[in-house]
Amino acid sequence: MRKILASAVAATASFASAVAYAAQPVEWQTTFQPAATGIMEQITWFERYTLWFIVPITLFVLILLAYCIIRFRASANPVPSRTSHNTLIEVVWTVGPVVILLFLAIPSFQLLTAQYSPVEEPKLTIKATGNQWNWDYEYQTEEPLSFNAAMLAEGDRAAAGKEDKGAYPRLLAVDNEVVVPIGQVVRVLVTASDVIHAFAMPAFGIKVDAVPGRINETWFKADKEGLYYGQCSELCGKDHAYMPIAIRVVSDAQYTTWLAAARTDLPGANKALMAETDGAAKVAAAGN
């Protein structure tokens, strides 16, 4: 019992830390990460909506199978029925699934359309290029900014100021996060330089293949500040599991300051922004 309680406390503490620093995987997680975009909120709603169909259908089929096994077993029915046609049953099992599929298809198509239709013109375009096994990012602004982001090595945590594993978890933290402003539509152009990768950010509800020689496009509009984590979701080689994605959502003022500083001193700009955002997150967590 003590071990169970200790595990529960640890899981709760991990979850609280994750909430303070936006979205990241937590132990014993069985649902989606907290939504940080309108699209992810729609995805979460649709998942719950489909359960209202899936659960009753599964239970109905289970009960029907059990009934048939017991009611029509050989010992209870030595002479099996010869019924070969029943109009009512055939109409029901044809019309019923069609109606259910319509209830699923309509909101599904609406969600799919929304995923490919930005709510407004993108204010920022970022090109993400997958490599074995890291990401190159290019801010396509008037003065372009490019940098590489790779998984943070354990030995580099102290120098990077990222020793807090609650905020910068093992195997997910990177040396250089992507920084975007809150409340603005961001277009992401995704490609790869070697093999097929996939750019995925669960809290944003985006996932798109990175294909060599081809540019795919996705978008997001983050509604909550914080640090969000994703990973390459396409098996891309032996270090596939060590190819994280980190996106930091900040205020417009913080983004503008960071972008101007990052063009001449990226490490310094990252540390200044990190000190400001992490300090605010800790104060907010303490207040809760």
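All of these numbers come straight from a predicted model, not from anything done at the bench.
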Tell me which one of V61, L62, I63 satisfies side-chain contact (heavy atoms from CB on, under 4.5 Å) with L65. V61
Of all residues at least two apart in sequence or in a different chain, which pass the side-chain hydrogen bond (donor to acceptor under 3.5 Å, both in side chains) check with E217? R187
Heavy-atom side-chain contact between [X] and [Y] under 4.5 Å:
{"X": "M151", "Y": "N134", "result": "no"}
{"X": "N176", "Y": "Y137", "result": "no"}
{"X": "I206", "Y": "I39", "result": "no"}
{"X": "Q184", "Y": "E120", "result": "no"}
{"X": "L259", "Y": "E143", "result": "no"}
{"X": "W219", "Y": "F204", "result": "no"}
{"X": "V99", "Y": "P97", "result": "no"}
{"X": "Q231", "Y": "L172", "result": "yes"}

Looking only at atom types and distance, does a side-chain atom of [X] sit under 3.5 Å from a main-chain N or O of [Y], one as donor and one as acceptor?
{"X": "S117", "Y": "A114", "answer": "no"}
{"X": "D175", "Y": "A150", "answer": "yes"}
{"X": "T191", "Y": "V211", "answer": "yes"}
{"X": "R157", "Y": "Y168", "answer": "yes"}
{"X": "N216", "Y": "D209", "answer": "yes"}

Among all residues two or more places apart in sequence or in another chain, which pass the salt bridge (Lys or Arg N to Asp or Glu O under 4.0 Å) test with K162? E177
For S251, the side chain to side chain contact (heavy atoms under 4.5 Å, CB included) test, sequence neighbours excluded, returns E225, A253, Q254
Starting at CH2 of W133, measure out to NZ of K238 and round the result to the nearest 0.5 Å. 5.0 Å
Check [X] against [Y] and note the closest heavy-atom contact, atom names and distance.
{"X": "I69", "Y": "R73", "answer": "O-CB, 3.3 Å"}
{"X": "M243", "Y": "C236", "answer": "SD-SG, 3.9 Å"}
{"X": "S146", "Y": "E138", "answer": "OG-CG, 3.5 Å"}

Going by the angle between their ring planes, with limits at 30° and 60°, are Y49 and F53 parallel, tilted or perpendicular? perpendicular
Can you sort out the partners of F199 under ring pair (Phe, Tyr, Trp, His ring centres under 6.0 Å), two or more places apart, ordered by chain and number? W135
Any pair with a residue in residues 238-277 that passes ring-ring contact (aromatic ring centres under 6.0 Å, His included), sequence neighbours left out, goes on the list, sorted by first then second residue, please. Y139-W258
Grouping ILVMFWY residues whenever side-chain heavy atoms fall under 4.5 Å, the cluster of W93 otherwise contains I89
Could E234 and K207 be called an ion pair, given the rule that one side-chain N must be under 4.0 Å from one carboxylate O? no
Go through the steps to decide whether L152 and V174 satisfy the test side chain to side chain contact (heavy atoms under 4.5 Å, CB included), and finish with yes or no. CA-CA 4 Å; L152 182 67; V174 301; 5.6 Å; no
